[in-house]
Amino acid sequence: MSAPATGADVRVRFSPAPTGYLHVGSARSALFNWMYARHTGGTMILRIEDTDADRSKPELVDAIRDSLGWLGIDWDEEYRQSDRFDQYRAAADSLVERGLAYYCDSTPEEVKARNEARGDGATGYDGYNRDRGLSFVEGKTVVRFRTPETGTTEYDDLIRGHISFDNSTLEDFVIVRSSGVPLFHVANAWDDLTMGITHVVRGEDLVNTVPRVLLLREAMAPLVDADPTPPVFAHLPLIVNEQRKKLSKRRDDVSVGDYRDRGFLADAMRNYLLTLGWGPRDGGDEIRPIDVFVEQFELDDINKAPAFFDVTKLEHFNGEYLRALSVEEFVEVAQPHLGPIPADLFAALAPYAQERVKVLDGIPELLGWIVDDAPDPSDKDWKKVFGKGEPGPILDRLIEALGDCDWTAAAIEETVFGVGTELDAKTQLPVRLALTGVRAGIPLWEPMAWMDRAVVLDRLRATRARLG
RNA sequence: GCCCCCAUCGUUCAGUGGCCUAGGACACCUGCCUUUCACGCAGGCAACACGGGUUCGAAUCCCGUUGGGGGUGCCA
């Protein structure tokens, strides 16, 4: 068991594979690493795990860095595993020399065929070349690590407690491909060792790799002047979808960049992500500035159970953050989301939008009617508004009065309500439906004053006509 | 199949043997405000998966059952 590092000794890393855009699951891992680094005054490391040349895309590295930056997650050191292949291979060679690893020329198909021929239901590598003393053949042999046949490999997880694996269940896994390129486990173990990583904070889907990494670390420690003590592991609960399954790129909306593009605020996203698997120690409000949470953040407060990524709650967080902005700030962040709405019009109506919109991409729906063509209300709304009473005369009177009054917000409001008083009727809803096509929305008077009187009258007349 | 893990309101976080007739937030419902909606405010609905232990006492500890998830790649 390792002595927990504290204070400025802490070194954590976020290690994404650049095989896709940053998704919410990895963003959460990055965040928790960052929280801990900042809480302890330690070092946050970004390590790009791009050992799989076929799937890694260099341009995605920048996309990931951008998304992290957007979330306000910064780092103190950065590495790329593709720059360090020589080190991993040297380490692997040494393992072979010392008999801790060996060459193997079995193809996956051959292994599978042997397993099926045996018919005992076992899968995975069968140890066929374990003791056959094969030597290196260019493009043909992989390097496999020789796992112990007996005993257990165990460790204490800061979040999940003691976890133990029977070594007999560990197969001899590949550490160097036949192409000569090292794989995840060696690269990961070597880097954690040589970079002095003290805390490994990552998703629960990686728990099963711990024994392999631990075994490798032990085997490689003599090669370097580094602390052989294993790091502290903290495996985060998975973030799941409504089916309680790990978020997947194919089925779920997981790209952090997509949320940004839709008009979620970085602070809201970060704050929400933080509440998945963790809550403030003081039991206080879950929406607060990040500094407050950084101060309280402890890895062993993290939950064990998976958490559902609830977009509805994210939206609530975003709404709160949006409303906490000054109007000027709100106008600023809204710019990319205005759609057909002129900037000066939006500036005038921004306060109305600010308290109604939860995500910025909802702005066109809220205000678009002002500049769009005449609306087409649903039958349901139509019936709700015009279904009873004698709406015809009310509309007639509205058209008449509105054709006549001053064209200012105050005069329009006074006119519409005046007709209401005169006829003892509610006049706002009919006007609203005629102009916007729906029964809910921002106050009408300013937008109406901004619109041409003729347009307003046209929509009112069209509604009157449909009434028959 | 084998290995590992998880289990409190619909969701999320709180609860670490007595303060729990289980608390906050989201969602939902009701009311207030308002000639719309929203914001705001006041209420409401709603959970310790099940079965055995341990204990004077269990949501909290142990065992089992059931359910769920993750892994099982020359991916990470």
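No hydrogens, no waters, no symmetry mates; every other heavy atom, side chains included, goes into these values. Below, chain A is the first sequence line, B the second, and so on; all start at residue 1.
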Original post:
Is any side-chain N or O of A:T312 under 3.5 Å from a base N or O of B:C26, one able to act as donor and the other as acceptor?
Top reply: no
Subject >> Quiz item: A:T123 side-chain donor-acceptor pair to B:G1 base, under 3.5 Å >> reply: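 Donor-acceptor pair under 3.5 Å: yes.
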Subject >> Protein-nucleotide distance (A:Q296, atom CD; B:C13, atom P), rounded to Å >> reply: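 From A:Q296 CD to B:C13 P: 16 Å.
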Subject >> Where protein sits on nucleotides 6-12 of chain B, one letter per nucleotide: B base, S sugar-phosphate only, - none, heavy atoms under 4.0 Å >> reply: SS---SS
Original post:
Hey, which of A:E242, A:H23, A:K246 is the one that makes side-chain contact (heavy atoms from CB on, under 4.5 Å) with A:D252?
Top reply: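 In the set A:E242, A:H23, A:K246, the residue that makes a side-chain contact (heavy atoms from CB on, under 4.5 Å) with A:D252 is A:E242.
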Original post:
Just wondering, are more than 12 heavy atoms of other shown residues or ligands nearer than 6.0 Å to CD in A:E365?
Top reply: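 Count not over threshold, so no.
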Subject >> Residue list, salt bridge (charged side-chain N to carboxylate O under 4.0 Å, His left out) with A:E355, at least two apart or on another chain >> reply: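 So A:E355 forms no salt bridge (charged side-chain N to carboxylate O under 4.0 Å, His left out) with any residue.
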**OP:** Return the minimal non-hydrogen interatomic distance between A:V181 and A:T51, and the atom names on each side.
**Re:**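 The pair with the smallest heavy-atom distance is CG1-O, 3.4 Å.
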**OP:** Any pair with a residue in residues 104-125 of chain A that passes ring pair (Phe, Tyr, Trp, His ring centres under 6.0 Å), sequence neighbours left out, goes on the list, sorted by first then second residue, please.
**Re:** none
**OP:** Keeping to residues at least two apart or across chains, list the ring pair (Phe, Tyr, Trp, His ring centres under 6.0 Å) pairs with something in residues 236-255 of chain A.
**Re:** none
Original post:
Which residues within residues 83-92 of chain A lie with some heavy atom under 4.0 Å of an atom in RNA chain B?
Top reply: none
Original post:
Looking at residues 13-32 of chain A, who's got a heavy atom less than 4.0 Å off RNA chain B?
Top reply: A:A17
Subject >> Those residues that, when tested against A:F32, pass ring pair (Phe, Tyr, Trp, His ring centres under 6.0 Å) (two or more places apart) >> reply: A:F297
**OP:** Could you give the distance separating B:A76 and B:U60 at their P atoms, to the nearest angstrom?
**Re:** 42 Å
Subject >> Integer angstrom distance from the P of B:C20 to that of B:C37 >> reply: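 Their P atoms lie roughly 39 Å apart.
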What are the atom names and distances for every N/O pair under 3.5 Å that joins the protein to nucleotides 31-33 of chain B?
none

**OP:** Not counting sequence neighbours, list each pair that qualifies as a side-chain hydrogen bond (donor to acceptor under 3.5 Å, both in side chains) and has a residue in residues 382-391 of chain A.
**Re:** none
Original post:
Is there any salt bridge (charged side-chain N to carboxylate O under 4.0 Å, His left out) pair reaching into residues 429-449 of chain A, and which pairs are they, with sequence neighbours excluded?
Top reply: A:D381-A:R439
Subject >> Any A:T51 side-chain nitrogen or oxygen under 4.0 Å from OP1 or OP2 of B:C75 >> reply: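 No, no such contact exists.
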Would you mind writing out the side-chain donor-acceptor pairs for residues 274-287 of chain A within the sub-3.5 Å range, not counting sequence neighbours?
residue: A:T275; atom: OG1; partner: A:Y272; partner atom: O; Å: 2.7
residue: A:R281; atom: NE; partner: A:D301; partner atom: OD1; Å: 3.4
residue: A:R281; atom: NE; partner: A:D301; partner atom: OD2; Å: 2.5
residue: A:R281; atom: NH2; partner: A:D301; partner atom: OD1; Å: 3.2
residue: A:R281; atom: NH2; partner: A:D301; partner atom: OD2; Å: 3.4
residue: A:D282; atom: OD1; partner: A:G284; partner atom: N; Å: 2.8
residue: A:D282; atom: OD1; partner: A:R288; partner atom: NH2; Å: 2.9
residue: A:D282; atom: OD2; partner: A:R288; partner atom: NH1; Å: 3.0
residue: A:D282; atom: OD2; partner: A:R288; partner atom: NH2; Å: 3.4
residue: A:D282; atom: OD2; partner: A:Q296; partner atom: NE2; Å: 2.9
residue: A:D285; atom: OD1; partner: A:I287; partner atom: N; Å: 2.8
residue: A:E286; atom: OE2; partner: A:K313; partner atom: NZ; Å: 3.0

Subject >> Proximity to the side chain of A:H316 - top-ranked nucleotide from B:C74, B:G69, B:A25 >> reply: B:A25
Original post:
Mapping A:L206 and A:Y125 to their closest nucleotides on RNA chain B, which lands nearer the 5' end?
Top reply: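 Mapping each residue to its closest nucleotide by heavy atoms, the 5'-most match is A:Y125.
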Quick test: give all pairs of protein nitrogen or oxygen and nucleotides 36-44 of chain B nitrogen or oxygen below 3.5 Å, distance rounded to 0.1 Å.
residue: B:U36; atom: O2'; partner: A:R439; partner atom: O; Å: 2.4
residue: B:U36; atom: O2; partner: A:R432; partner atom: NE; Å: 3.1
residue: B:U36; atom: O2; partner: A:R432; partner atom: NH1; Å: 3.3
residue: B:U36; atom: O2; partner: A:R432; partner atom: NH2; Å: 3.2
residue: B:U36; atom: O2; partner: A:G441; partner atom: N; Å: 2.9
residue: B:U36; atom: O2; partner: A:G441; partner atom: O; Å: 2.9
residue: B:U36; atom: N3; partner: A:R432; partner atom: NH2; Å: 3.0
residue: B:U36; atom: N3; partner: A:G441; partner atom: O; Å: 2.8
residue: B:C37; atom: O2; partner: A:R356; partner atom: NH1; Å: 2.3
residue: B:C37; atom: O2; partner: A:G441; partner atom: O; Å: 2.9
residue: B:C37; atom: N3; partner: A:R356; partner atom: NH1; Å: 2.4
residue: B:A38; atom: O2'; partner: A:E355; partner atom: O; Å: 2.2
residue: B:A38; atom: N3; partner: A:E355; partner atom: OE2; Å: 2.9

